[in-house]
Amino acid sequence: MKKKVAVLFGGQSTEHEVSRVSATSVLRNIDLRKYEVYPIGITKDGVWIEYKGNYDNIENGAWEKDEFYKVPEGQKILFNKEVDVVLPILHGLYGEDGTIQGLCKLLQIPCGGPGVLSSALCMDKVYTKYVLENFGIKQADYVVVEKFIFEKDKEEIINRIENKLGYDVFIKPSNSGSSVGISKAHNREELIKGLEEALKFDRKVLVEEAINAREVEVAVLGNDEPIAAVPGEIIPANEFYDFEAKYTNAESKLLIPAGIDELALESIKSEAIKIYRILDCAGMARVDFLLDKVTGEFYLNEINTLPGFTKISMYPKMWQASGKKYSDLIDDLIELAIERNNN
Ligand SMILES: Nc1ncnc2c1ncn2[C@@H]1O[C@H](COP(=O)(O)OP(=O)(O)O)[C@@H](O)[C@H]1O
Ligand SMILES: [Mg+2]
């Protein structure tokens, strides 16, 4: 019998649009001989709607106005346990952060990707640091800025950042994705502006020393015994890999394998698997590193538990380069979700 799979797309985060593109790729490539598919959209306002129309409309956003093919109360499909597995192809908050994972756990439906704890932890850049520094994982030096403290004593915080990190620094909302709210500051004026901007997205902001780095990413897949694909490298078109460089600037390049020697490729793979295990990941995650151009050292940058998942995104492409087809990757995610749920 075919397994019933809900593919969730859209969602309430700043990455709603990106999610629609990832999910469309999944919908177009999932093996229909094996699965019966339920595409369920979540609007930016958090309304769940099953969508039975053309996948093009999911990709371009027209689905929300397509009254004919919309079935309201899409959440009922989960609550009535009509499906065997949920694939949350949602990026960012309310999707990648443990909330959907918690809902599935309550309903006892296997869910693709990492579980509640791991998703929440990896979504939060500050807590990722707090955990990983106990395991000696190298990360960029940092200062955490909380909104209420910043509002009370700007001067003290600015001084602390300047004394500890100097310039340049990166400023990031602790919960962010797709580079939304992230900026690079070269001086005090930019630092203040960057903090104010990042604090619009989160009450906790991470300020990090800027590493003069190449960006190397590792795709990890599995539950208890995860494996890593051949690492890839991002060559951003802009000063850093900002939103524009990620999604609109065709000059940004992906290089697979990453342009580093064989030994470095192997050691970064095992480092990625170690981090994946520490953070209790399951199913899949993309572990992103900054490779210092001068010293050659690797710094962990972040872990994405629902990485960009279009056919041409880094995660699936790294697997493709390692001999795993996109549709087989979807099979693996489903199987891994079921396997973990049974344990
Ligand atoms: N400490 C850092 N040093 C150098 N570049 C950085 C640093 N932190 C972030 N960046 C740049 O900013 C981009 C986005 O930051 P990242 O932490 O990956 O956030 P997001 O979750 O939005 O992808 C990275 O891909 C990289 O280009
Ligand atoms: Mg990133």
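Since we're looking at a predicted model, the values are computed, not measured. Order of appearance sets the numbers: ligands from 1, and atoms from 1 within every ligand.
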Could you check Tyr55 against Trp63 for ring-ring contact (aromatic ring centres under 6.0 Å, His included), going step by step and ending with a plain yes or no? CA-CA 8 Å; Tyr55 294 156; Trp63 73 281; over 10 Å; no

Verify side chain to side chain contact (heavy atoms under 4.5 Å, CB included) between Glu133 and Gln139, making sure each step is shown before the conclusion. CA-CA 8 Å; Glu133 63 196 8; Gln139 306 175 82; 4.0 Å; yes

Where do Met284 and Leu306 land on the side chain to side chain contact (heavy atoms under 4.5 Å, CB included) test, with the steps shown first? CA-CA 8 Å; Met284 70 167 164; Leu306 279 156; 3.8 Å; yes

Between Val287 and Phe289, does a side chain to side chain contact (heavy atoms under 4.5 Å, CB included) hold up when you go through it step by step? CA-CA 7 Å; Val287 185; Phe289 295 89; 3.7 Å; yes

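With respect to atom 21 (O) of ligand 1, the closest heavy atom belonging to the protein is Lys125 NZ, 2.6 Å. Scanning the protein for heavy atoms near atom 13 (C) of ligand 1, the closest one is Tyr241 O, 3.6 Å. Ranking the protein heavy atoms by distance from atom 8 (N) of ligand 1 puts Lys172 NZ, 2.9 Å first. The nearest heavy-atom contact from the protein to atom 27 (O) of ligand 1 is Glu215 OE2, 2.4 Å. Residue, atom and distance of the protein heavy atom nearest to atom 18 (O) of ligand 1 are Glu302 OE2, 2.9 Å.
The minimum heavy-atom distance linking Ile330 with Ile30 is given by the pair CG2-CG1, 3.8 Å. Shown here for Ser174 and Val126, the closest heavy-atom pair between the two residues is OG-N, 3.1 Å.
When heavy-atom distances to ligand 1 are checked against a 4.0 Å cut-off, Lys246 comes that close only through its side chain, counted from C-beta outward.
Around atom 5 (N) of ligand 1, the closest heavy atom drawn from Phe240, Phe170, Tyr142 belongs to Phe170. When Ile211, Asn301, Leu206 are ranked by how near their heavy atoms come to atom 3 (N) of ligand 1, first place goes to Ile211.
Under a 4.0 Å N-O distance rule, the pair Lys76/Glu73 qualifies as a salt bridge.
In this structure, Ser179 counts as a contact residue of ligand 1, since one of its heavy atoms falls inside 4.0 Å of the ligand. Within the 4.0 Å heavy-atom cutoff, Ser176 counts among the residues contacting ligand 1. In this structure, Lys184 does not count as a contact residue of ligand 1, since none of its heavy atoms falls inside 4.0 Å of the ligand. Within the structure, the closest approach of Leu290 to ligand 1 falls below 4.0 Å when heavy atoms are considered.
In summary, the aromatic rings of Phe170 and Phe240 are positioned with their centroids under 6.0 Å apart. Between Phe309 and Tyr326, the ring center distance clears the sub-6.0 Å criterion.
Taking every non-hydrogen atom of Glu208 and a distance limit under 4.0 Å, the qualifying atoms of ligand 1 come out as 1 (N), 2 (C), 7 (C), 8 (N). For ligand 1, the atoms lying closer than 4.0 Å to a non-hydrogen atom of Ala210 are 3 (N).
For Glu302, the N, O or S atom closest to the Mg ion (ligand 2) goes by the atom name OE2.
By the 30° and 60° cut-offs, the orientation of the rings of Tyr142 relative to Tyr130 is tilted.
Residue Ile182 has no nitrogen or oxygen atom sitting less than 3.5 Å from a nitrogen or oxygen atom of ligand 1, judged on distance alone.
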